[in-house]
Structures are given as C-alpha cells and as structure tokens.
Undergrad: 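This is the structure I want to talk about, given as structure tokens.
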Amino acid sequence: MSVFHWGIIGPGKIAHRFAEDLARVEGAKLQAVLSREQERAQAFAATYATPEAYAELSDFLASPTLDAVYIATPHTAHARYTLACLEAGVPVLCEKPWAMSVAEAEQMIATARERKVFLMEAIWTRFLPTTEKILDLVKAGTIGEITSIKADFGFRAEYNPQSRLFDPAQGGGALLDIGLYPAFLAQLLFGSPKRVQAQARTAPTGVDLETQALLSYPDGQVANLHCTLANETKTEAFLYGTKGTIHWHGRWHEPSSFSVLLPDQAPDNYFFDYVSNGYSYEAACVQRCLAQGHTECPKLPLDFSLGLTQTLMTILEQINVHYS
C-alpha cells in the first residue's frame, strides 16, 4: 500500500491526539507540521518523527509530498488556512467549527468545489463505531420513528479571559467549543430545524458560558440541546422513538457505549473495543475518500456542515454573542 502523507497546521492539544492516532491508520504518515513558532513546530515534529517542520505557510504548502492537511488552529483561523490550502490544491480536514460565519462556510465550499479539491469538517463523532451502529439501528426501526432527542456536553473550566475558551478573539464560548456536538447530533438525525429557541448565560468577556437550545423540525420532531463551561455534566444523549429509546452513555461524543431500552425488556447494551483516541476513524475516511476520487465525504458532505453552521449562527444570534 502506498504511503499517505499528512500535514498538520496548529500543533496544539487536539493535534497531538490526531498525530497519535495517525500511527494506527494504515498507510498514514505525518509528513509536515506548521506552527507560528519554528521551535514549537520542531518540537512537535520530533515527538512524532515528522520530517518537515515549518513556521511559514508558504513553505509548508510548497512541500511536494502533502496528500492532505489537518487544520487544528483556534476556530478563528480555520477559514483562512483552509482557503490557503484549497487554493494550493491540497485536500483539507478542518477542525470544527470550520467557520465563524455562514459566509466563511459558503466561501470555503465554493472554493473547494470550484477547485475540485477535497474538503471535510473534522466532526470525528460521525465516524465512530458507536455512531455507525446507532444509525444502523435507527434505520432498521429498532426504536421506531425518532420523535425527539436530548443531548448535553459540559465541564467546569477555570475562568481565564485570555484562554481560548473565554477569549472572543479565539472564538471562545461553550457553543462553538462543545455545543457543536449536540447540534451535530440533531443535524444528523433531523436535518436543519425550522425554528430555533435559545437562551444563554454569558461570561464577562461576552462569550457564552452556558447555552440551552430547543430546535423544532418540519415533521414535528424536537431536539433539546445543552452545553456549559460552568459545570460537569453527564455528557450523554437520548434518542426517543415511538417504540423505545437509545441511551448514548457519557461521554457520548467520543469512544463510548450505548443501550437500547425497549418496554418490558432488559436493556440491550453495546460496547466497543477502541484502540485509538477516536480520531483514526475520520483520518481513515479521508484517505478512503481521496483514494476513491471523492471531493466530498458521502457520510459528511459539505452541505451538511453548512446546515450545521447555519444552526450554530442562528443560536449565537439569539443569545446575542458576536465575533468580530
């Protein structure tokens, strides 16, 4: 099998997890890393035996070996780096949220389609075995028609106005950092909502500390979503159907387990053997898509991410959180 050469932009915490998982993906090799600081790029490269380390984007993109780039910078830089890679003809897996506005998302999509270059938002939860199995059960009608979902994600973060979680200049706030996961689940199961009702508590910096959203859909379904940086929550999800319920155990957005609950029956529990942090599944999917000549991932197409971005921006507008 030929070697698939990855590049990483932004060697932060999530990039380390992604790099660790690349070692578990058949054919994958971390070839290059880009940081704003050469010393940091070199340290990251040394950790993962990466041949190329850069501090200049032009030098990074000039590497002749890049097959795809994983962008793991703060949210506010996602669109800029994505567009630069697409213009250079380099396929992109961009961390979520991939855009800070609908206009940014539309520009990235237009560029990818015009240039015929692969682009995907890195919503790793979509590719986990738990998600795949749950979708199979839903399609099989195991719990009947899904009428509503409830999903949360919360942890207690120490307030620091300079940290990425609370700094608006870095795209801080609960919704964009962790609230995207419950919103993703709603988009996956129901599509785009016809109505959004949201409330929030804000931090002194103006970003949302805690957000609650109720989404309504054309066929009558509802999604109750919650995210917070103020408290530890169970971070679990429930899919309620006309025949039963799927309880996605915490922390549901990452490698986890779930139970199918049907009336008058013992719970049917599903457990999975994971040998990675969970990022290997999306990386392997990108490699398969490119090997098959796709410019979009059939399981996570660009229009899906655009719809998710539109929902997130509607919630932000309702809770009066704005980013420059």
Side-chain angles (χ1 to χ4, degrees), residues 14 17 96-97 122-140 142-157 165 173-191 193 196-201 208-217 221-263 265-274 276-279 281-282 300 308 311-312 315:
I14 196 169
R17 293 178 180 175
K96 63 203 174 316
I123 306 179
W124 61 311
T125 306
R126 172 62 184 87
F127 304 96
L128 297 176
T130 39
T131 307
E132 298 283 12
K133 184 60 179 179
I134 285 173
L135 290 177
D136 287 343
L137 293 173
V138 169
K139 184 178 181 180
T142 302
I143 62 169
E145 295 293 324
I146 300 179
T147 57
S148 65
I149 65 170
K150 181 172 67 174
D152 82 283
F153 191 162
F155 64 91
R156 187 184 299 275
L165 290 175
L175 182 68
L176 294 187
D177 190 71
I178 56 178
L180 181 143
Y181 289 101
F184 153 76
L185 182 58
Q187 184 79 19
L188 182 64
L189 295 173
F190 297 149
V196 176
Q197 299 168 274
Q199 294 180 320
R201 290 196 294 146
D208 64 308
L209 180 66
E210 180 172 9
T211 294
Q212 182 82 34
L214 181 65
L215 312 184
S216 304
Y217 297 85
Q221 307 99 325
V222 294
N224 193 333
L225 314 178
H226 175 243
C227 60
T228 179
L229 299 174
N231 299 99
E232 297 286 342
T233 74
K234 289 187 175 181
T235 306
E236 57 188 359
F238 294 87
L239 285 59
Y240 299 107
T242 54
K243 295 181 180 178
T245 300
I246 291 177
H247 175 198
W248 204 335
H249 306 154
R251 298 163 41 102
W252 71 268
H253 69 289
E254 61 186 20
S256 58
S257 59
F258 67 90
S259 299
V260 176
L261 310 175
L262 299 175
Q265 295 185 30
D268 193 3
N269 300 312
Y270 290 80
F271 300 94
F272 301 82
D273 292 327
Y274 289 96
S276 76
N277 297 313
Y279 299 94
Y281 300 98
E282 65 176 359
L300 196 68
L308 180 58
T311 297
L312 293 173
I315 294 173

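Along the sequence shown, residues are numbered consecutively beginning with 1.
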Undergrad: I'd like to know if the side chain of N224 reaches the main chain of K150, judged simply by a donor and an acceptor atom lying under 3.5 Å from each other, with no hydrogens or angles considered.
TA: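 No.
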Undergrad: What distance do C227 atom SG and D177 atom CG have between them, rounded to the nearest 0.5 Å?
TA: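 One finds 9.0 Å between SG of C227 and CG of D177.
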Undergrad: For a quick test of reading the model, state the closest non-hydrogen atom pair linking A230 to R156 and the distance between them.
TA: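 Between these two residues, the closest heavy atoms are O-NH1, 3.0 Å.
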Undergrad: So, the side chain of T233 versus the backbone of G154: is there a donor-acceptor pair under 3.5 Å, distance only?
TA: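 Checked: pair present.
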Undergrad: Under 30°, 30 to 60°, or over 60°: which ring-plane class applies to W124 and Y279, parallel, tilted or perpendicular?
TA: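 It falls in the parallel class, under 30°.
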Undergrad: Any heavy-atom pair between the side chains of T228 and I178 that's under 4.5 Å?
TA: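 No - every pair of side-chain heavy atoms lies 4.5 Å or more apart.
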Undergrad: Spell out, as yes or no, whether a donor-acceptor pair under 3.5 Å connects the side chain of N277 to the backbone of R17.
TA: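 Yes, because the side chain of N277 sits within donor-acceptor range (under 3.5 Å) of the backbone of R17.
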Undergrad: Kindly indicate whether the side chain of F258, heavy atoms from C-beta on, has any atom under 4.5 Å from the side chain of K133.
TA: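 Answer yes - side chains close enough.
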Undergrad: If you compare all heavy atoms of I149 against all heavy atoms of A186, which two are closest, and at what distance to 0.1 Å?
TA: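 Between these two residues, the closest heavy atoms are CD1-CA, 3.5 Å.
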Undergrad: Do H249 and E236 touch side chain to side chain, with heavy atoms closer than 4.5 Å?
TA: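 Answer no - side chains too far apart.
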Undergrad: Over 60° means perpendicular and under 30° means parallel, so classify the ring planes of H247 and F238, tilted if in between.
TA: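 Ring orientation of F238 relative to H247: parallel.
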Undergrad: Would you check, one step at a time, whether the test side chain to side chain contact (heavy atoms under 4.5 Å, CB included) holds for I146 with I246?
TA: CA-CA 10 Å; I146 300 179; I246 291 177; over 6 Å; no
Undergrad: Test W252 against every option in T131, T130, L185 by the side chain to side chain contact (heavy atoms under 4.5 Å, CB included) rule and name the one that passes.
TA: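 Exactly one option meets the side chain to side chain contact (heavy atoms under 4.5 Å, CB included) with W252, and it is L185.
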Undergrad: Give me the atom names and distance for the closest heavy-atom approach of L128 to E254.
TA: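 Heavy atoms only, the tightest pair is CD1-C, 3.5 Å.
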Undergrad: Do you know which two heavy atoms are closest between G244 and L262, and how far apart they sit?
TA: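 Looks like CA-CD2, 3.8 Å.
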Undergrad: Taking side chain as C-beta onward, heavy atoms only, is Q199 less than 4.5 Å from L214?
TA: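 They are not in side-chain contact.
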Undergrad: For side chain to side chain contact (heavy atoms under 4.5 Å, CB included), just list the numbers for S276 and Y281, CA-CA rounded to whole Å, side-chain angles, deciding distance to a tenth of an Å, and then say yes or no.
TA: CA-CA 9 Å; S276 76; Y281 300 98; 3.9 Å; yes
Undergrad: Give, for atom OG of S257 and atom CZ of F271, the distance between the pair rounded to the nearest 0.5 Å.
TA: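 Rounded to the nearest 0.5 Å, the OG-CZ separation comes to 5.0 Å.
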Undergrad: If we only count heavy atoms from C-beta on, is the L225 to D152 side-chain gap below 4.5 Å?
TA: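 No, too far: nothing below the 4.5 Å cut-off.
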Undergrad: Quickly, which of F153, F155, W248, F184 forms a ring pair (Phe, Tyr, Trp, His ring centres under 6.0 Å) with H253? Name it, please.
TA: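 Output: one option passes, namely F153.
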Undergrad: Do you know the tightest heavy-atom contact between K96 and A122?
TA: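 Minimum heavy-atom separation between K96 and A122: CD-O, 3.6 Å.
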Undergrad: State whether R126 and E132 are salt-bridged, where the test is any N-O pair (Lys NZ or Arg NE/NH1/NH2 against Asp/Glu carboxylate O) under 4.0 Å.
TA: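 Result for this pair is yes, salt bridge flagged.
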Undergrad: What's the separation between atom OG1 in T142 and atom CG in D136, rounded to the nearest 0.5 Å?
TA: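 Going from the OG1 atom of T142 to the CG atom of D136 covers 9.0 Å.
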Undergrad: In the structure I gave you, are the side-chain heavy atoms of L215 and Q221 within less than 4.5 Å of one another anywhere?
TA: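 No, every pair of side-chain atoms sits at 4.5 Å or beyond.
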Undergrad: Heavy-atom count check: over 12 atoms from other residues, nucleotides or ligands less than 6.0 Å from Q197 CD?
TA: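 Yes, because the 6.0 Å sphere around CD of Q197 holds more than 12 heavy atoms from other groups.
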Undergrad: Donor-acceptor check, side chain of T242 to backbone of E145, threshold 3.5 angstrom: yes or no?
TA: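 Yes, T242 side chain to E145 backbone: donor-acceptor pair under 3.5 Å.
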Undergrad: Here's a test for you: under side chain to side chain contact (heavy atoms under 4.5 Å, CB included), which of L137, T245, V138 qualifies with L239?
TA: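 Of the listed options, the one satisfying the test is V138.
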Undergrad: Heavy-atom distance under 4.5 Å between the side chains of Y217 and P193, does that happen here?
TA: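 Y217 reaches P193 side chain to side chain.
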Undergrad: Could you go through the side chain to side chain contact (heavy atoms under 4.5 Å, CB included) check for I134 and Y270 one step at a time?
TA: CA-CA 10 Å; I134 285 173; Y270 290 80; over 6 Å; no
Undergrad: Side-chain contact test, heavy atoms from C-beta onward, threshold under 4.5 Å: evaluate it for L308 versus I123 and give yes or no.
TA: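 A side-chain contact exists here, since the closest heavy-atom pair is under 4.5 Å.
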Undergrad: Testing the basics here: between P182 and G179, what is the closest heavy-atom pair and its distance to 0.1 Å?
TA: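 Reported closest heavy-atom pair: CD-O, 3.2 Å.
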